[in-house]
Enquirer: 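Pasting a structure below so you can have a look.
Just so we're on the same page: letters track the sequence lines, and every chain starts at 1.
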There are 2 protein chains.
Amino acid sequence: MAITVNQIAQKCGVSRTTVLRALNGGGSVKKETKEKILQVAEENNYRPNLLARSLNHGRTMSLGVVTINIENMYFVQSLNTINKEADKRGYFTNIVVCDESLEWERKLIRGLAERQMEGIMINPLNQGSEFEEFLLSLHIPIVCIGNQVSEKITTVQVNEMAAAMDAVELIASKRYEQIVFVCPPLEVQGQQNIYVHEQRLKGFKAAMGIHCGLHSEVVGKKEFLPDIERILSGNPERRTAFLCSGDSYALTIKQWGEKKNMKIPEDFGLMGFDDISVLQYISPKLTTVSTNLEGVAAAAVVELIQQIDSEEYSPKSIILNYKILDRDTL
Amino acid sequence: MAITVNQIAQKCGVSRTTVLRALNGGGSVKKETKEKILQVAEENNYRPNLLARSLNHGRTMSLGVVTINIENMYFVQSLNTINKEADKRGYFTNIVVCDESLEWERKLIRGLAERQMEGIMINPLNQGSEFEEFLLSLHIPIVCIGNQVSEKITTVQVNEMAAAMDAVELIASKRYEQIVFVCPPLEVQGQQNIYVHEQRLKGFKAAMGIHCGLHSEVVGKKEFLPDIERILSGNPERRTAFLCSGDSYALTIKQWGEKKNMKIPEDFGLMGFDDISVLQYISPKLTTVSTNLEGVAAAAVVELIQQIDSEEYSPKSIILNYKILDRDTL
DNA sequence: TTGTAGGCGTTATCAG
DNA sequence: CTGATAACGCCTACAA
């Protein structure tokens with residue numbers, strides 16, 4: 001379809017080498033020849049075939065990103081940042097979306113590898129040693145964002161455990177008598193990567209150990225609203241706050257509470273995690289934890305490229321700062 | 001880094017042809033040879049270099065998608081659908097994000113073309129004949145989603161004008177006395193592609209021509225809240241509804257109204273456009289128009305692939321159904 | 001200033 | 001059953 005260097009050479013009656021020199025400016029070319037070549041290239045919309053070029057010198061200058069479930073919005077916010085940071089360093093970013101299926105994720109990662117991405121960023125859904133081996137067998141620089149897979153693979157994250165502990169501190173300081181931790185189904189542990197939630201849960205439990213005077217409960221199910229209802233109606237006068245491992249859980253509870261004509265924070269306290277961008281449209285402002293999505297994304301790119309560039313690279317665990325956002329729902 | 005067919009051939013003491021036959025299963029290979037080859041390939045994690053393969057037979061089986069401003073969420077919802085539909089037909093989907101810059105968009109499109117995407121989907125930010133020429137000069141199948149660029153390039157959309165008219169009908173039927181149309185800054189017309197908003201505005205004006213007893217106004221500025229305030233306070237007893245060309249405008253107004261302790265729909269009516277996924281977290285439920293993001297996305301993929309497959313293709317304009325969602329803010 | 005030759009990794013064709 | 005050979009489009013020596 002598109003014109004090639006060879007064809008230009010033919011049209012101009014010169015060799016490809018000359019055409020390339022005129023186009024990419026290596027050596028010297030006679031003025032007239034050069035002009036003619038450039039003109040022909042222009043007229044025919046010449047545009048280099050990057051596949052061929054990459055094949056040749058073994059570099060694609062492209063990074064791959066595997067995104068989960070766009071609807072959840074977690075991670076999506078990072079995409080812009082990743083894109084810009086990569087571009088600054090001369091890399092093109094290819095994003096693929098993975099709709100919550102473990103197989104798809106593997107398939108996509110392999111697809112990116114086969115397309116010779118020089119490095120891949122994932123917020124992995126898979127986990128375990130088999131997946132670890134799979135990733136390692138690719139022999140491609142990889143950076144995990146958020147969820148950790150193994151110590152052999154660089155992960156960029158915030159200290160989720162400490163964040164959860166701080167969150168509990170904040171809630172406790174507001175004189176709640178009961179704190180309920182809401183997170184995704186815990187049954188999937190061992191199958192699906194819920195590392196960040198596990199870390200937060202650990203932090204929650206540790207903090208509750210300190211505040212042993214407080215009641216606590218963990219709700220980790222798909223259908224969690226019945227539990228919320230049970231908890232609130234079981235002991236209506238007890239001041240209860242929900243700490244949700246993910247803003248979307250908090251928003252769901254908020255929605256439910258409002259339908260029941262309950263006021264937040266008067267009737268119950270609510271706190272989320274991640275500070276997803278939708279929150280700007282929600283009032284009262286949700287108290288939450290900023291897990292520094294942009295910062296994490298930027299760091300991931302930097303680290304990935306460093307990994308690409310270095311001969312000897314040893315995997316790291318990069319921990320960034322989180323921030324407690326004390327807003328209006330506690 | 002990764003092992004190649006040639007290397008496998010060497011290791012096994014056969015020719016590449018034989019290796020390929022064993023791997024891809026063309027002709028027949030002696031059992032032992034085949035086993036050995038497969039074993040070596042397995043051990044060394046052989047994985048075909050798709051760049052080379054593509055270079056060879058001129059097909060990449062990849063589609064490119066250019067997404068705008070992820071934060072806005074419009075279009076983002078389509079990504080999953082695009083991905084799945086493309087996969088069904090054997091195509092890999094590469095997404096790139098464009099952060100609201102006209103130059104970036106061009107750069108990304110060119111990048112996708114140079115990487116030999118077989119087709120590209122865009123919700124274009126650019127517009128005008130120069131951009132049209134740019135796209136055509138690529139000589140690559142292209143489908144525009146939502147915003148139209150020109151009749152020479154296939155566009156998939158809903159009938160925005162009719163949708164806006166229906167929206168006005170709905171509002172009028174609820175006995176509002178004034179309808180205000182809120183849309184992005186109109187100054188950018190001619191520079192930036194706001195085709196869908198223009199269509200909706202046309203529909204709005206046409207419908208208001210029919211309902212000439214009603215007051216109407218158009219607000220198209222970046223900072224529109226002052227106008228909202230002016231309109232509402234200027235004539236407080238006049239029943240006013242805002243028809244927003246985009247749910248995010250509606251959410252912003254809703255947010256503002258609630259801060260002022262106004263009730264919706266008691267104090268003013270509110271209607272959006274697009275039915276973005278965030279709405280699930282918002283109450284009262286926003287009345288809006290479903291612009292059938294998933295349907296549009298699916299149709300775009302089908303059309304793009306058809307364009308790729310056919311020798312003779314003439315650009316079309318594909319119009320899908322929209323749906324008025326009469327919910328709780330009118 | 002210009003051209004020739006070889007290679008990147010894969011595939012297709014044709015000949016043994 | 002197996003193996004040369006050429007080709008995809010680009011790039012880099014090396015030679016003229």
Enquirer: Indicate, with a heavy-atom threshold strictly under 4.0 Å, whether A:S28 touches base, sugar-phosphate, or nothing.
Expert: base
Enquirer: When you compare the side chain of B:I8 with that of B:N44, does any pair of heavy atoms fall below 4.5 Å?
Expert: no
Enquirer: Please check if atom CD in B:E151 has more than 12 non-hydrogen atoms from other residues, nucleotides or ligands closer than 6.0 Å.
Expert: no
Enquirer: Extract, from 5' to 3' on DNA chain C, the first and final nucleotides lying under 4.0 angstrom from some heavy atom of chain A.
Expert: C:dT1 to C:dG9
Enquirer: Quick check for you: to the nearest 0.5 Å, what is the distance between A:Q307 atom CD and A:I120 atom CD1?
Expert: 11.0 Å
Enquirer: With a 4.0 Å cut-off on heavy atoms, is B:S54 in touch with a base, just the backbone sugar-phosphate, or nothing at all?
Expert: nothing
Enquirer: Within a 6.0 Å radius of atom NZ on A:K11, are there more than 12 heavy atoms belonging to other residues, nucleotides or ligands?
Expert: no
Enquirer: Each nucleotide in nucleotides 8-16 of chain D should get exactly one letter: B, S or -. Can you fill that in based on protein heavy atoms under 4.0 Å?
Expert: BBBB-B---
Enquirer: Just wondering, are more than 12 heavy atoms of other shown residues or ligands nearer than 6.0 Å to CZ in B:R89?
Expert: yes
Enquirer: Looking at B:K34, I want to see if its NZ is surrounded by more than 12 non-hydrogen atoms of other residues, nucleotides or ligands under 6.0 Å.
Expert: no
Enquirer: Are side-chain heavy atoms of A:Y195 and A:T155 found at a separation under 4.5 Å?
Expert: no
Enquirer: Side chains of A:P141 and A:Y313, heavy atoms from C-beta outward: is any pair under 4.5 Å?
Expert: no
Enquirer: Do B:N45 and A:L138 have side-chain heavy atoms sitting under 4.5 Å apart?
Expert: no
Enquirer: Once rounded to the nearest 0.5 Å, what's the spacing between atom CD of A:E85 and atom OG1 of A:T93?
Expert: 10.0 Å
Enquirer: To the nearest 10 degrees, how far apart in direction are the end axes of the helix from C:dT1-D:dA16 to C:dG16-D:dC1, each fit to five base pairs?
Expert: 50°
